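Comments concern the structure below.
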Protein chains: 2
Amino acid sequence: MQKAAVEKNNEAIAAQLAPVGRETVQDRVYSELRRALIGGLFEPSQVLTIRGLADALVTSTMPVREALGRLITEKALEALPNRSVRVPPITLDRLDDLLRARILIEGEAIALAAARMGPRQIATIETILAEWDEMRALKHKKDVDREVTLNQSFHFEIYRSCGSAVLIPMIESLWLQSGPCIRVAIYAFSEAGEVDTAQYHRRIVEALATQDAQAARDALVADISRPFTFLRSKLQSAAGKDQT
Amino acid sequence: MQKAAVEKNNEAIAAQLAPVGRETVQDRVYSELRRALIGGLFEPSQVLTIRGLADALVTSTMPVREALGRLITEKALEALPNRSVRVPPITLDRLDDLLRARILIEGEAIALAAARMGPRQIATIETILAEWDEMRALKHKKDVDREVTLNQSFHFEIYRSCGSAVLIPMIESLWLQSGPCIRVAIYAFSEAGEVDTAQYHRRIVEALATQDAQAARDALVADISRPFTFLRSKLQSAAGKDQT
DNA sequence: TCAAAGCAAGTGTGATCACAAATCAAAAAT
DNA sequence: ATTTTTGATTTGTGATCACACTTGCTTTGA
């Protein structure tokens, strides 16, 4: 068989078959734990055990321990001196620290993205917003999980356009760290005020559509600051009660 | 024995004994690889194998594979689709990307530190600079390893004062990523121009001593930009030659 | 002479085991 | 009744093994 003929045949096959992918068990465990962390499924200060997670995920301990190690290095989890691992507790200082870092880095990312997003990308995030509205229309069932997912898609679709392979992993790390915190805030928003979270996102889209980097940055800061300031006041009043 | 007496006795013992610490093998492997990476002991694009490193470090494969996994998540190493791992190659885009992120984050860190560094911290970094001068005085033996270490101590002593537990790990990750790149630049500086690297650091110290955040930021930007722009022009001319 | 097939060495991944340290509960001592 | 001790269970760590996949070389075939 000639080389050319073989290659042509291979191409014909390749056109029909989708690549099967070779994700390792460790990768799946890691993704699953990330999802749980960002979604706030774990509470702050909660202790995680290797064997416990391995049982829950129906694997052996090996992939879990490596995934935990990775999450610890990106500060999504915390290694105690006892060698047990827990999700980091919330403190006022940490809250301020996280917010400042997110404003700094995500602000820069969206400013970069503002100059690079085309109509294609704008359309994508508008689709996400539309999906959001649709869900909000039938508000009887408050699907906060889905809300968290949509919020994540919206923001990262933007960040992906910033064109920085260095900033994006850092933003992911920041979301991983603030995930367990903001969950309780989103929960409270969802059932309490309902002060149109979407309006913040619309302002972001408008700014991006007009390529106004500064306006996009400001709108983003307003958006991500909200749950933090909410949590902050909540924590402060709780601390006040403890003292009395 | 009463409780109080026991505790007093324990305190007396504790005063004499230093905590022994319980570092795991994995931690040592991780630290060692970090040191090698930041110091530029590995070349960009170099492939690393688990068993090879385990032999070199005289341990089994287990601690090494977990350390490698951690370094991959902080982008200090790169996982190829073949499942082998290498230190990321240098490209022009990546160089610019890294420099921008470092200016953004380290700039913010030093601006925060400027307001928080006391005479105690200033004295510490001045000591490091003095040590540097001392080394430079007997310049016959160009100890670039020591130079890299001193540079690292100088910067991180400053960053440590910024009081952000979130920013510092990010800066460490950035150094890990740019380590393999800047090594070649420092090497070239050390043997070529000798254009008083220390002068940049003096400007930083002066700005910090007067608590001038903006000046400190500017001086830092000048300092860390130097090796990057150097590398950039070098890479560009190399690419130009390839084309001809 | 050159491409394809086959083989062998090397490599990452996951499972399992041994061991030491931590944790917790019950029993013993003060 | 409170504290200490003891012992059983749980947990993280490191070593080793089995397996599948990759890689590079040799051999085979056209």
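Any value given below was found using the heavy atoms of this structure, including those in side chains, with hydrogens, waters and symmetry copies removed. None of these values were measured; they are calculated from a predicted model.
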[atom1] of [X] versus [atom2] of [N]: gap in Å, rounded?
{"X": "I50(B)", "N": "dG14(C)", "atom1": "CD1", "atom2": "C1'", "result": "12 Å"}
{"X": "R83(A)", "N": "dA22(C)", "atom1": "CZ", "atom2": "P", "result": "8 Å"}
{"X": "E23(B)", "N": "dA20(C)", "atom1": "CD", "atom2": "P", "result": "20 Å"}
{"X": "L53(B)", "N": "dG10(C)", "atom1": "CG", "atom2": "P", "result": "17 Å"}

Please examine the side chains of V85(A) and V47(A), heavy atoms only from C-beta on, and report whether any two atoms are closer than 4.5 Å. no
Does a side-chain heavy-atom distance below 4.5 Å link L71(A) with R34(A)? yes
Contact nearer the 5' end of DNA chain D, comparing V25(B) with R22(A): V25(B)
Regarding T127(B) and E131(B), do their side chains bring together a donor and an acceptor under 3.5 Å, going by distance alone? no
On the side chain of R51(B), is there an atom forming a donor-acceptor pair with the base of dG10(C) - under 3.5 Å, no angle test? no
F156(A)-W175(A) aromatic ring centre distance below 6.0 Å: yes
Can a salt bridge be assigned to the pair R86(A) and E43(A) using a cut-off of 4.0 Å between side-chain N and carboxylate O? no
Here the residues of residues 59-82 of chain B within 4.0 Å heavy-atom distance, strictly under, of DNA chain D are S60(B), T61(B), M62(B), P63(B), N82(B)
Got a list of side-chain donor-acceptor pairs under 3.5 Å for residues 89-98 of chain B, not counting sequence neighbours?
{"unit_1": "T91(B)", "atom_1": "OG1", "unit_2": "R94(B)", "atom_2": "N", "d": "3.1"}
{"unit_1": "D96(B)", "atom_1": "OD1", "unit_2": "R232(B)", "atom_2": "NE", "d": "2.9"}
{"unit_1": "D96(B)", "atom_1": "OD2", "unit_2": "R232(B)", "atom_2": "NE", "d": "3.4"}
{"unit_1": "D96(B)", "atom_1": "OD2", "unit_2": "R232(B)", "atom_2": "NH2", "d": "2.8"}
{"unit_1": "D97(B)", "atom_1": "OD1", "unit_2": "S164(A)", "atom_2": "OG", "d": "2.5"}
{"unit_1": "D97(B)", "atom_1": "OD1", "unit_2": "R100(B)", "atom_2": "NH2", "d": "3.0"}
{"unit_1": "D97(B)", "atom_1": "OD2", "unit_2": "S164(A)", "atom_2": "OG", "d": "3.2"}
{"unit_1": "D97(B)", "atom_1": "OD2", "unit_2": "A165(A)", "atom_2": "N", "d": "2.8"}
{"unit_1": "D97(B)", "atom_1": "OD2", "unit_2": "V166(A)", "atom_2": "N", "d": "3.2"}

